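I have placed the structure first, in the form of structure tokens, so that the comments after it can refer back to it.
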Amino acid sequence: MPELPEVEIYRLYLESSSLHQPIENIEVDDPNLLTVPFTTLYETLVGRWFTGTRRIGKNLFVLTDGPDPLDQPVIVHMHFGMTGDLAYYHSSLDRPKYARIVFHFRNGFNLGFICPRKFERIGLIDDIPAYLKRKKIGKDGLAISLSELTEQIRRKKALIKPVLMDQSTVAGLGNWIVDEVLFQARVHPEKRTENLTDNEIRQLHDAIQLVLTTAIRHEAQYRDFTINFLIHVREWDDSPYDDVEAHKFCPRCGTRIAKSEVGGRTTYFCPNDQQL
DNA sequence: AGGAATGTTCTTAT
DNA sequence: TATAAGAACATTCC
């Protein structure tokens with residue numbers, strides 16, 4: 001899933017492949033994937049080129065420049081939903097499946113925005129801070145301080161799992177990362193925020209940093225995480241341990257990992273290490 | 001009333 | 001075919 005670590009990898013990929021090449025054409029299979037009209041996207045971007053990137057949480061912003069000076073900045077916003085990806089390729093023979101939006105560059109290469117499930121979006125904005133405010137997107141998971149996280153959690157009265165999934169609390173955590181963070185911090189996913197101690201919030205903050213930096217270090221290749229991560233009990237695509245009984249138990253205490261639903265999302269946790 | 005919490009829906013490959 | 005997901009939107013709560 002494209003949560004913060006994956007989007008960071010995509011950002012670096014775009015930076016190293018797609019900058020400073022004028023856009024000659026843009027192909028869009030389904031206009032519903034755009035948050036602006038196709039003609040606006042096309043007329044605004046053709047002739048311009050990408051100059052750099054920014055990432056806040058799961059959001060990727062691509063800065064652009066162009067031949068004619070414009071009054072306002074033109075920034076491409078990308079959100080990868082649950083299955084989004086990027087692919088830079090040359091020959092149309094190499095065009096990946098589900099590359100439903102394609103930027104064709106003057107040098108003959110293409111950047112494909114891959115969206116198998118159509119939960120992904122591309123749009124145009126001119127001001128990143130204004131966009132973040134409008135969408136209520138909080139501090140990035142890698143940048144948030146302990147006091148900022150504490151302040152955010154203290155102002156909410158709900159179960160900790162949905163609170164951490166909420167992008168206004170901290171930006172970039174999705175379903176599996178929140179489970180992993182709660183597991184590493186030994187906090188039950190259904191613990192109410194009112195009942196969290198300052199120390200537990202500190203553990204959550206530490207765990208967020210640990211999980212995010214680990215995932216980025218391994219370029220979001222889950223199989224490379226050490227065995228003390230909960231990720232290995234999940235049934236993600238291509239998991240080498242999928243359905244292997246030996247990996248359905250807590251790597252710390254050996255208790256069978258529980259599977260439930262919290263906040264409408266599938267949740268895994270250790271009933272022994274994470275108690276209410 | 002109204003902001004916050006909680007629930008539903010969209011979408012489609014596997 | 002039942003399932004999974006992020007976020008927008010809808011509804012309920014206090």
Side-chain angles (χ1 to χ4, degrees), chain A residues 1-10 28-36 55-61 77-87 95-101 112-123 125 131-141 151-182 189-196 208 211-212 215 220 222 230-240 242-243 257-269:
Chain A
M1 299 301 151
E3 303 182 30
L4 186 153
E6 287 91 340
V7 179
E8 178 64 11
I9 304 301
Y10 298 168
V28 178
D29 275 6
D30 183 344
N32 291 324
L33 298 169
L34 302 177
T35 58
V36 293
R55 183 196 54 72
I56 305 290
K58 305 172 191 174
N59 300 275
L60 179 58
F61 301 98
H77 171 248
M78 298 183 177
H79 194 286
F80 296 92
M82 60 182 285
T83 49
D85 200 351
L86 294 174
R95 177 173 173 152
K97 213 175 174 187
Y98 311 120
R100 303 188 201 267
I101 296 176
F113 184 73
I114 302 171
C115 28
R117 310 248 172 119
K118 296 190 174 181
F119 264 33
E120 302 73 16
R121 292 294 181 271
I122 283 183
I125 64 167
Y131 178 84
L132 297 174
K133 190 174 179 192
R134 184 160 58 84
K135 295 291 183 177
K136 296 184 166 53
I137 294 167
K139 276 279 170 73
D140 184 77
E151 186 195 340
Q152 281 302 317
I153 290 177
R154 289 288 178 228
R155 65 197 282 173
K156 290 170 184 172
K157 298 178 199 317
L159 308 182
I160 185 61
K161 174 160 180 175
V163 165
L164 288 177
M165 298 257 302
D166 186 338
Q167 302 300 295
S168 72
T169 305
V170 48
L173 315 188
N175 196 38
W176 84 256
I177 289 186
V178 168
D179 278 4
E180 190 72 58
V181 164
L182 291 167
E190 293 180 273
K191 186 142 189 168
R192 293 201 62 90
T193 54
E194 304 95 299
N195 300 330
L196 284 168
I208 289 169
V211 174
L212 294 179
Y222 309 152
L230 186 66
I231 186 74
H232 299 297
V233 310
R234 296 190 81 98
E235 294 150 17
W236 43 274
D237 296 343
D238 298 331
S239 166
D242 199 13
D243 285 331
I257 293 298
K259 180 180 179 180
S260 66
E261 193 175 292
V262 180
R265 290 292 173 250
T266 304
T267 300
Y268 293 87
F269 66 101

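Note that the coordinates shown come from a computational prediction; the quantities given were computed from them, not determined experimentally. Here is the naming used below: chain letters follow the sequence lines, and residue numbers restart at 1 for every chain. These values consider heavy atoms only, across backbone and side chains, with no hydrogens, waters or symmetry-generated copies.
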> On DNA chain B, nearest-nucleotide positions of A:Gly264 versus A:Lys156: which is more 5'?
Replying inline: A:Lys156
>> Could you tell me how far apart A:Ile160 (CD1) and B:dA5 (P) are, to the nearest whole angstrom?
In response: 12 Å
>> What is the separation between atom CG on A:Leu33 and atom P on C:dA8, rounded to the nearest whole Å?
In response: 15 Å
>> Is the ring pair A:Tyr10/A:Phe80 parallel, tilted or perpendicular, if the boundaries are 30 and 60 degrees?
In response: perpendicular
>> Test side chain to side chain contact (heavy atoms under 4.5 Å, CB included) on A:Arg121 and A:Leu33; report intermediate values, then the result.
In response: CA-CA 5 Å; A:Arg121 292 294 181 271; A:Leu33 298 169; 3.9 Å; yes
>> Please report the distance, rounded to the nearest Å, between CZ in A:Arg154 and P in B:dA4.
In response: 18 Å
> Taking CZ from A:Arg121 and C1' from C:dG6, how many angstroms apart are they, rounded to a whole number?
Replying inline: 10 Å
> Within the structure, does a side-chain N or O atom of A:Gln167 lie under 4.0 Å from either OP1 or OP2 of C:dA7?
Replying inline: yes
>> So, does A:Lys135 get its side chain near the phosphate of C:dA8, meaning an N or O under 4.0 Å from OP1 or OP2?
In response: yes
>> Is the phosphate of C:dA7 approached by A:Lys136 (side-chain N or O, under 4.0 Å from OP1 or OP2)?
In response: no
> What is the nucleic acid contact for A:Phe80, judged by heavy atoms within less than 4.0 Å: base, sugar-phosphate only, or nothing?
Replying inline: nothing
> Taking the six-membered ring for Trp, does A:Phe119 stack with C:dA5 (centroid gap under 5.5 Å, planes within less than 30°)?
Replying inline: yes
>> Expressed as a whole number of angstroms, how long is the span from A:Ile177:CD1 to C:dA5:P?
In response: 13 Å
>> Looking at B:dA13, I'd like to know if its phosphate oxygens (OP1 or OP2) sit under 4.0 Å from a side-chain N or O belonging to A:Arg100.
In response: yes
>> Set out, in order, the CA-CA distance, both residues' side-chain angles and the distance that settles side chain to side chain contact (heavy atoms under 4.5 Å, CB included) for A:Ile101 and A:Leu34, then state yes or no.
In response: CA-CA 9 Å; A:Ile101 296 176; A:Leu34 302 177; 3.8 Å; yes
> What's the closest nucleotide to the A:Arg192 side chain, out of C:dA4, B:dT6, C:dG6?
Replying inline: B:dT6
> NA contact type, A:Arg265, heavy-atom cut-off 4.0 Å: base, sugar-phosphate, or nothing?
Replying inline: base
>> Check this for me: does any side-chain nitrogen of one of A:Arg265 and A:Asp179 sit under 4.0 Å from a carboxylate oxygen of the other?
In response: no
>> Rounded to whole Å, how long is the line connecting atom CZ of A:Arg117 with atom P of C:dA7?
In response: 16 Å
> Does a nitrogen or oxygen in the side chain of A:Thr83 sit under 4.0 Å from OP1 or OP2 of B:dA13?
Replying inline: no
> If you look at every strand shown and take non-hydrogen atoms under 4.0 Å, does A:Gly174 touch a base, only sugar-phosphate, or nothing?
Replying inline: sugar-phosphate
> Looking at A:His79, does any N or O in its side chain come under 4.0 Å of the phosphate oxygens OP1/OP2 on C:dG6?
Replying inline: no
>> Parallel, tilted or perpendicular, judged at 30° and 60°: which one describes the rings of A:Phe61 and A:Tyr131?
In response: perpendicular
>> Which is more 5' along DNA chain B, the nucleotide nearest A:Met82 or the one nearest A:Lys97? Just name the residue.
In response: A:Met82
> A:Lys118 NZ to B:dA13 C1': how many Å, rounded?
Replying inline: 12 Å
>> Quick one, A:Asn32 and A:Lys118 - any side-chain contact, counting heavy atoms below 4.5 Å?
In response: no
> How many Å lie between NE2 on A:His77 and C1' on C:dA8, as a whole number?
Replying inline: 13 Å
